[in-house]
Amino acid sequence: MHHGLPRQAPGSDASTRRLLSLCGPLPERPRVLDLGCGPGRSALLLAAEAGAGGAEVTAVDLHAPFLEELRAAAAARGLGDRVRTALADMGSLTGEDFEDGCFDLVWAEGSAYILGFDAALARWKRLLAPGGTLVLTECQWTVPEPSAGARAFWDPHYALRTTAGNLAAAQAAGYRVLGVHHLPDADWAEYYGPLAERVRTLSGAESPAMAAALAATREELDVRARHGHEYGYTGYVLRPVTAGDGGAWPARPETAADAAAVREVNLAAFGTPLEADLVDALRTDDSWLPGLSYVAEAPDGSVAAHALLTRCEVDGVPALALAPVAAAPAVQRSGAGSSVVRALLAAARERGESLVLVLGHPEYYPRFGFVPASHFGIRAPFEVPDEAMMALVLDDSVPVPAGTVGYPAPFGV
């Protein structure tokens, strides 16, 4: 049913170019891996336009006829020497062609759902060279409360999240976000227009399998017509904090069972009880925000790192204070602390917070996007080096307040 159609998911050349522009500078002849390439619309554009003079593209799919279409199209456009096809499972890439750090750009338009967004982030990370970029598009909710009709279709098939949920997942997996692009409705028309026309030409009498496929496709088209305003595709342009390392410390909200372990990590990290006592005091203070105390797990499931956000103010305007951040001595400088901070900041962004403040090391926190708070006219309530008092704006649509930081009472300032 899909043979000969230009696309296998919503998209357009304009969106591919937009996502490519968000990647920033690329090598002169970047090595690109297009996963779940289908008939290769994106692969052809990347081969022609990525980098200074086009890319070397390895296009992967499990459907041989799609790869045949791509090879023919590449030859017709004079790109045969730049596009190599591979009949392979994008979820289990092995061999010398898919070694760690082989690609400057890993591209997946409309295919990550086959593995699942989180699994794609984890499995494809190792393929990126240092400084490499992952680009993928994902179907997601575009309204806060999807209707029962939309959920009745999607929930049994694929658990959609919101943009905020996917950003949180990406950051928790050890990526920083270079850009986000919401695909317009026209990109759906590029996919569904030819598909709907094909459906109209088929009867289903060809085989039981074709009849079932037609029924499923008609339902999909109908749901889009009725509920298309509730979901859409979004492209994410991501760069691992350490491209090619292939791993991350899983981070999650703490549970009541973690309290003792969190205290032990803070005691071990700082060598004094001050920070551990501060966490305990904040737990019973009005500034405590359920869901904004995060832990990173070691491979054995134990708590390896902890980070906490609590409510503070800037001249009466609500903000968040990041403190403390602690990693067990055995895992310091391993990425555990960075993982838990990224996940925590993503959670704060998802719940609609707009400003985070931290008093900390000026060579550590800028990696998360923090800048001197003085840039916004924000100052600490006591004397500190200007570069040590930092701020991170989570929502730039909200005005940043100026003034003095007011910490919760347990901080003692």
Side-chain angles (χ1 to χ4, degrees), residues 7 9-38 40-60 79 82-84 90 93 98 100-113 115 117 120-140 163 166-184 187 232-246 248 342 346 366-369 396:
R7 293 189 176 275
S12 65
D13 290 350
S15 283
T16 299
R17 289 190 176 100
R18 174 57 180 158
L19 291 168
L20 184 59
S21 74
L22 294 172
C23 295
L26 294 170
E28 183 173 348
R29 191 74 170 257
R31 300 161 298 168
V32 177
L33 178 63
D34 187 2
L35 294 169
C37 64
R41 189 72 172 263
S42 298
L44 293 168
L45 188 149
L46 295 169
E49 300 182 17
E56 297 177 1
V57 177
T58 299
V60 173
L79 298 171
R82 296 188 188 178
V83 177
R84 184 179 71 86
M90 66 180 182
L93 298 169
F98 303 106
D100 292 4
C102 277
F103 298 97
D104 304 299
L105 187 59
V106 173
W107 200 273
E109 287 194 52
S111 59
Y113 80 93
L115 302 185
F117 190 75
L121 295 177
R123 294 188 193 181
W124 296 342
K125 187 180 180 187
R126 69 167 185 83
L127 297 164
L128 290 166
T133 303
L134 171 63
V135 177
L136 69 172
T137 63
E138 176 77 343
C139 194
Q140 59 186 45
T163 299
N166 284 327
L167 287 172
Q171 293 179 340
Y175 291 85
R176 60 188 178 97
V177 181
L178 302 184
V180 175
H181 172 61
H182 300 289
L183 275 61
D187 284 17
Y233 260 88
T234 294
Y236 295 90
V237 182
L238 310 171
R239 182 163 296 158
V241 175
T242 307
D245 67 1
R342 285 192 188 89
R367 72 184 63 182
F368 309 110
D396 57 14

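In this text, all values refer to a predicted model and were calculated from it rather than measured experimentally. Worth knowing before you read on, the calculation uses all heavy atoms, side chains too, and leaves out hydrogens, waters and symmetry mates.
- Atom-to-atom distance recorded for Leu22:CG and His181:NE2 is 8.0 Å, nearest 0.5 angstrom.
- Listed by chain and residue number, Arg29, Ala47, Leu79 satisfy the side chain to side chain contact (heavy atoms under 4.5 Å, CB included) test with Arg82 (two or more places apart in sequence, or in another chain).
- Closest approach of Gly51 and Leu26 over heavy atoms only: N-CD1, 4.0 Å.
- The shortest non-hydrogen separation linking Lys125 to Ala173 is NZ-O, 3.4 Å.
- For Tyr233, the ring-ring contact (aromatic ring centres under 6.0 Å, His included) partners two or more places apart in sequence, or in a different chain, are Trp188.
- Just one residue in the list Asp100, Val106, Leu105 forms a side-chain contact (heavy atoms from CB on, under 4.5 Å) with Phe103, and that residue is Val106.
- With sequence neighbours left out, Arg18 forms a salt bridge (charged side-chain N to carboxylate O under 4.0 Å, His left out) with no residue at all.
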**Request:** List the steps and the verdict of side-chain contact (heavy atoms from CB on, under 4.5 Å) for Tyr236 and Val135.
**Result:** CA-CA 6 Å; Tyr236 295 90; Val135 177; over 6 Å; no
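- For the side chain to side chain contact (heavy atoms under 4.5 Å, CB included) test, residues two or more places apart in sequence or in another chain that qualify with Cys102 are Glu99.
- Taking the salt bridge (charged side-chain N to carboxylate O under 4.0 Å, His left out) definition, one finds that Arg31 meets it with Asp104, sequence neighbours left out.
- In this structure the side chain of Asp34 never reaches within 4.5 angstrom of the side chain of Val83, judged on heavy atoms.
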**Item:** Derivation of the side-chain hydrogen bond (donor to acceptor under 3.5 Å, both in side chains) call for Asp187 and Ser15
**Value:** CA-CA 8 Å; Asp187 284 17; Ser15 283; 2.5 Å; yes
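- In this structure, the side chain to side chain contact (heavy atoms under 4.5 Å, CB included) partners of Ala346, at least two apart in sequence or on a different chain, are Ala168, Gln171.
- Residues that satisfy the ring-ring contact (aromatic ring centres under 6.0 Å, His included) test with Phe368, not counting sequence neighbours, are Tyr364.
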**Item:** CA sep, side-chain torsions, deciding dist, call: Leu238, Leu121, side-chain contact (heavy atoms from CB on, under 4.5 Å)
**Value:** CA-CA 9 Å; Leu238 310 171; Leu121 295 177; 3.6 Å; yes
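- Taken to the nearest 0.5 Å, the CG atom of Leu35 stands 9.5 Å off from the OG1 atom of Thr58.
- Here the closest non-hydrogen pair linking Glu138 and Asn166 is CG-ND2, 3.8 Å.
- Pairing each heavy atom of Ala112 with each of Leu136, the nearest pair is CB-CD1, 3.6 Å.
- Between the side chain of Arg239 and the main chain of Cys23, a donor-acceptor pair closer than 3.5 Å is present.
- Scored by the ring-ring contact (aromatic ring centres under 6.0 Å, His included) test, Tyr175 finds no partners at all (sequence neighbours excluded).
- Not counting sequence neighbours, Arg176 has no partner by the side chain to side chain donor-acceptor pair (under 3.5 Å) test.
- Here the closest non-hydrogen pair linking Pro27 and Pro30 is O-CD, 3.1 Å.
- Atoms CE and CG, on Met90 and Leu127 in that order, are 12.5 Å from each other to the nearest 0.5 Å.
- Trp124 CH2 to Leu134 CG: the interatomic distance, rounded to the nearest 0.5 Å, is 7.0 Å.
- With rounding to the nearest 0.5 angstrom, the CG atom of Leu45 is 9.0 Å from the CD atom of Glu109.
- For Arg41, the side chain to side chain donor-acceptor pair (under 3.5 Å) criterion is met by Asp13, not counting sequence neighbours.
- Checked by atom type and distance alone, the side chain of Trp107 never pairs as donor or acceptor with a backbone atom of Thr16 at under 3.5 Å.
- Judged as a side chain to side chain donor-acceptor pair (under 3.5 Å), and not counting sequence neighbours, Thr137 has no contacts.
- Remark: Thr234 pairs with Gln140, His182 by the side chain to side chain donor-acceptor pair (under 3.5 Å) rule, at least two apart or across chains.
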